[in-house]
Amino acid sequence: MSVHLSKELKATILNNMFVKNYKRMWPYVKPYWKRALLTLLLAIPVGSLDAVIAMAIKPYMDAVMIEKNISSGWYIPILIIGFTCVQGVLTYLLNYLNTWVGAKITNLLKMDLFKKMLSFETNYFTSRNSGDIMMEFSSNANTACSGLLANLKSFIQKFFTSISLIFVLFYNSWQLAIVCTVILVGAFLPMMSLKRKVHPVMTQSMAANAELLTTYNETYAGNKTIVSYNLEQHQNNRFTEVIKNTFRLTIKMFQRTSWITPVMHVIASLGIGLAIWFGSYLILHNIITPGNFVSFLTALIMLYTPIKSIGGTYSSILMSFWAIEKVFEVLDTEPQIKDSEKAVELKQFTKQIKFNNVWFEYVKDTPILQNINLTINHGETIAFVGNSGGGKTTTVNLLPRFYDVTSGNITIDGIDIRDITMKSLRENIAVVFQDNFLFSGTIRENIMLGNENATTEELNTAIKNACLDDFISELKDGIDTQIGERGVLLSGGQKQRIAIARAFLKNAPILILDEATSALDNKSEAIVQKAIENLMNNKTVLVIAHRLSTIKNATKIVVINDGQIVESGTHEELLQISCGAYKTLYDMQFKKK
């Protein structure tokens, strides 16, 4: 059954949307409400003073142009100049305050959005591209806040401009004013269907802009790959397609909104034409004076000027409302992984970690892990091996709750990790990835992220244990050397050792090593492996290994293939299993000719 909304209901929905959006923005406006209010109050005289020129023309025309009495109207041009100067000063103050308050509101909103972004789980980011993230957490905030106060200011200014000019119209001729007001009301009729037409195009435009940002980001981050594979033309073709799509949507938005301006121009011209025709009749019959007529016509032209451009203003308002809705959709989104109401702090890990009948799936009904049961005692080193894509990394990623289990549970000292505060859980776990992320800044700043309160002695110990001391001593600026964005100025082995030093400073009792040496050459691997051995002392270690030679001494080796544990035991025990999965992997790596 189709439902048709009445015009009254549509108006109510639009009004409710207006109230709802500004109500949601109030907490961000509240700290600056006095300046915001002053901005809006300044819009009143700025708008009202537009009527001064139109009002002043009547006495000037009647006294000077008709009666030829210059002495009685000499002050009027000076008065107009004076009022215009006052309006200019007020306009500057209005725009300055509008910019200041708008920027402050934007900053508050962006800080909340950034804080919200930090609360989301890994899956939130892996399911989106970088352009979408930029749009959701930055660009939409700019659009929302720039439109919020600006639209209010513009509305109030134009409202009082209209009221003052309408007063001038009725002051000069109520007959002409009624005719032109009716036409004025008719000028707004074309806007009735605008929101419905532009809303889907706005959504598509934002998606296209997000794709454009993603292309820029990928071209920057993947520069070496593009150059090494001669992908310049491929990337340029891709960018061209994105630009064409953006252009197509820009034109579509223009087609759906810009027709309003010429339509209103025609309607306004009709009003002016009728005013001239009817005004001439009233002058000839001595109902109004020529001064009344010129003053009326000036006010009418000034009144119709903003109306002719109102289509663009209305589109901007709709875009602002759309952005506000998108911003609060993000702020209202609850992270899938968060602390439970009964969450407790994990103050110390002393006994064991247990995986109890753990199942996990990224996509519904497509299990990645199936019935994982595993006990890891305090102080043990557990190595995970198996075929590529078998679920090794997924298994260890469940422990710090990068993802949550689909069914079953993981416990630490008998407590379900979902009932442990995420902060305390992750304080007890240090992770060294295969490709560790380093932040722009210095070597010191990146290592100190492990413990910002570490002493100089602790820092130096971490550097020594991570086998970084020789490398740092050769640098001109030593530990304060800039490493570039994502550590671009360092080799793979150097980045790994900085990450290991960071983990040393964290000094967490549980250590996860996710193929920390698999991407290194033999020389770098030997140095990093020594650093890792230092790091593993007195820790409970979960290590994902590609090179089996590095895990011979593990307490237990767990073989995971196709999401299931197929074997577990010591190195010697697993080699005794004829045609076993581990023995097959081992023979492939160390088979003698």
Side-chain angles (χ1 to χ4, degrees), residues 116-127 333-364 367-384 386 390-433 450-451 502-503 506-516 535-536 538-544 554-556 558 560 563-565 568:
K116 188 71 176 184
M117 182 171 68
L118 293 174
S119 74
F120 284 124
E121 63 283 347
T122 302
N123 191 53
Y124 184 89
F125 299 99
T126 56
S127 62
T333 301
E334 285 294 324
Q336 294 179 1
I337 299 177
K338 58 183 179 180
D339 288 340
S340 67
E341 293 181 359
K342 58 180 181 179
V344 297
E345 286 192 11
L346 178 64
K347 296 182 178 179
Q348 192 174 10
F349 166 54
T350 59
K351 298 178 183 177
Q352 58 187 204
I353 300 167
K354 294 191 72 174
F355 287 71
N356 303 302
N357 302 316
V358 169
W359 288 66
F360 176 76
E361 54 190 35
Y362 292 107
V363 180
K364 187 174 176 58
I368 302 298
L369 299 178
Q370 304 174 53
N371 200 34
I372 301 295
N373 287 282
L374 180 64
T375 298
I376 304 169
N377 294 315
H378 182 272
E380 287 186 335
T381 296
I382 306 299
F384 295 86
K392 306 183 295 296
T393 298
T394 300
T395 301
V396 298
N397 280 344
L398 295 176
L399 183 58
R401 293 189 71 191
F402 295 159
Y403 305 92
D404 266 347
V405 299
T406 303
S407 64
N409 64 30
I410 302 171
T411 62
I412 296 180
D413 289 349
I415 306 172
D416 191 321
I417 61 173
R418 290 170 294 188
D419 295 327
I420 298 173
T421 61
M422 286 194 293
K423 183 176 176 63
S424 66
L425 173 67
R426 291 167 181 172
E427 280 179 348
N428 282 275
I429 302 173
V431 185
V432 179
F433 300 97
N451 180 4
R502 187 161 63 193
K506 187 172 185 180
N507 196 28
I510 302 170
L511 174 64
I512 294 175
L513 301 171
D514 187 358
E515 300 197 72
L535 179 61
M536 291 169 64
N538 303 315
K539 300 285 194 303
T540 301
V541 184
L542 287 74
V543 53
I544 298 172
T555 309
K556 183 188 293 183
V558 177
I560 299 180
Q564 302 181 63
I565 296 178
S568 67

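The model shown is predicted, which means the values in this text are computed figures rather than measured ones.
- You'll find the side chain of Met422 stays beyond 4.5 Å of the side chain of Pro400, heavy atoms only.
- Between the NZ atom in Lys342 and the CG atom in Asp419 there is a gap of 4.5 Å [rounded to 0.5 Å].
- In terms of modelled atom types and a separation under 3.5 Å, the side chain of Asn356 and the main chain of Gly408 share no donor-acceptor contact.
- Distance check, rounded to the nearest 0.5 Å: CD of Glu345 to CD of Glu427 gives 7.5 Å.
- The closest donor-acceptor contact from the side chain of Lys539 to the backbone of Asn507 lies at 3.5 Å or more, if one exists at all.
- Put simply, the side chain of Thr540 gets close to the backbone of Gly379: a donor and an acceptor are under 3.5 Å apart.
- Residues Trp359 and Asn371 meet the side-chain proximity criterion, which asks for heavy atoms closer than 4.5 Å.
- The shortest side-chain heavy-atom distance between Arg401 and Glu121 does not fall under the 4.5 Å cut-off.
- Between Phe402 and Ile337, the closest side-chain pair of non-hydrogen atoms is not below 4.5 Å.
- Atoms CD and OG, from Gln348 and Ser424 in turn, are 13.0 Å apart once rounded to the nearest 0.5 Å.
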Show the numbers, then the answer: is there a side chain to side chain contact (heavy atoms under 4.5 Å, CB included) between Tyr124 and Gln336?
CA-CA 9 Å; Tyr124 184 89; Gln336 294 179 1; over 6 Å; no
What's the verdict on side chain to side chain contact (heavy atoms under 4.5 Å, CB included) for Phe355 and Val405, showing C-alpha distance, side-chain angles and the deciding distance?
CA-CA 10 Å; Phe355 287 71; Val405 299; over 6 Å; no
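- The number of heavy-atom neighbours closer than 6.0 Å to NZ of Lys354, taken from other residues, nucleotides and ligands shown, is 12 or below.
- With contacts defined as side-chain heavy-atom distances shorter than 4.5 Å, the pair Ile382/Ile353 does not qualify.
- By the 4.5 Å heavy-atom criterion applied to side chains, Leu399 and Ile412 are counted as neighbours.
- Considering every non-hydrogen atom in both Ala343 and Ile420, the closest pair reads CB-C, 4.1 Å.
- The distance from atom OG1 of Thr393 to atom CZ of Phe433, rounded to the nearest 0.5 Å, is 10.0 Å.
- A donor-acceptor pair under 3.5 Å links the side-chain atoms of Asp413 to the main chain of Gln352, judged by distance alone.
- Using a 4.5 Å cut-off on side-chain heavy atoms (C-beta onward), Phe384 and Leu374 make contact.
- The closest donor-acceptor contact from the side chain of Lys338 to the backbone of Ser119 lies at 3.5 Å or more, if one exists at all.
- Proximity of a side-chain donor or acceptor of Asn428 to a complementary backbone N or O of Leu346 within less than 3.5 Å is detected.
- Using cut-offs of 30° and 60° on the angle between ring planes, the pair Phe349 and His378 is tilted.
- Looking at heavy atoms from C-beta onward, Thr394 lies in side-chain contact with Tyr362 at the 4.5 angstrom threshold.
- Separating the CD1 atom in Ile417 from the CD1 atom in Ile410 is a distance of 4.0 Å, to the nearest 0.5 Å.
- Distance check, rounded to the nearest 0.5 Å: CD1 of Ile429 to CD1 of Ile510 gives 5.0 Å.
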Would you sort out whether Ile565 and Ile372 count as a side chain to side chain contact (heavy atoms under 4.5 Å, CB included), showing the intermediate values?
CA-CA 6 Å; Ile565 296 178; Ile372 301 295; 3.8 Å; yes
Are Lys556 and Ser568 close enough, and set up right, to give a side chain to side chain contact (heavy atoms under 4.5 Å, CB included), and what steps lead you there?
CA-CA 7 Å; Lys556 183 188 293 183; Ser568 67; 4.3 Å; yes
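- Side-chain atoms of Thr555 come within 3.5 Å of backbone N or O of Thr381 as a donor-acceptor pair.
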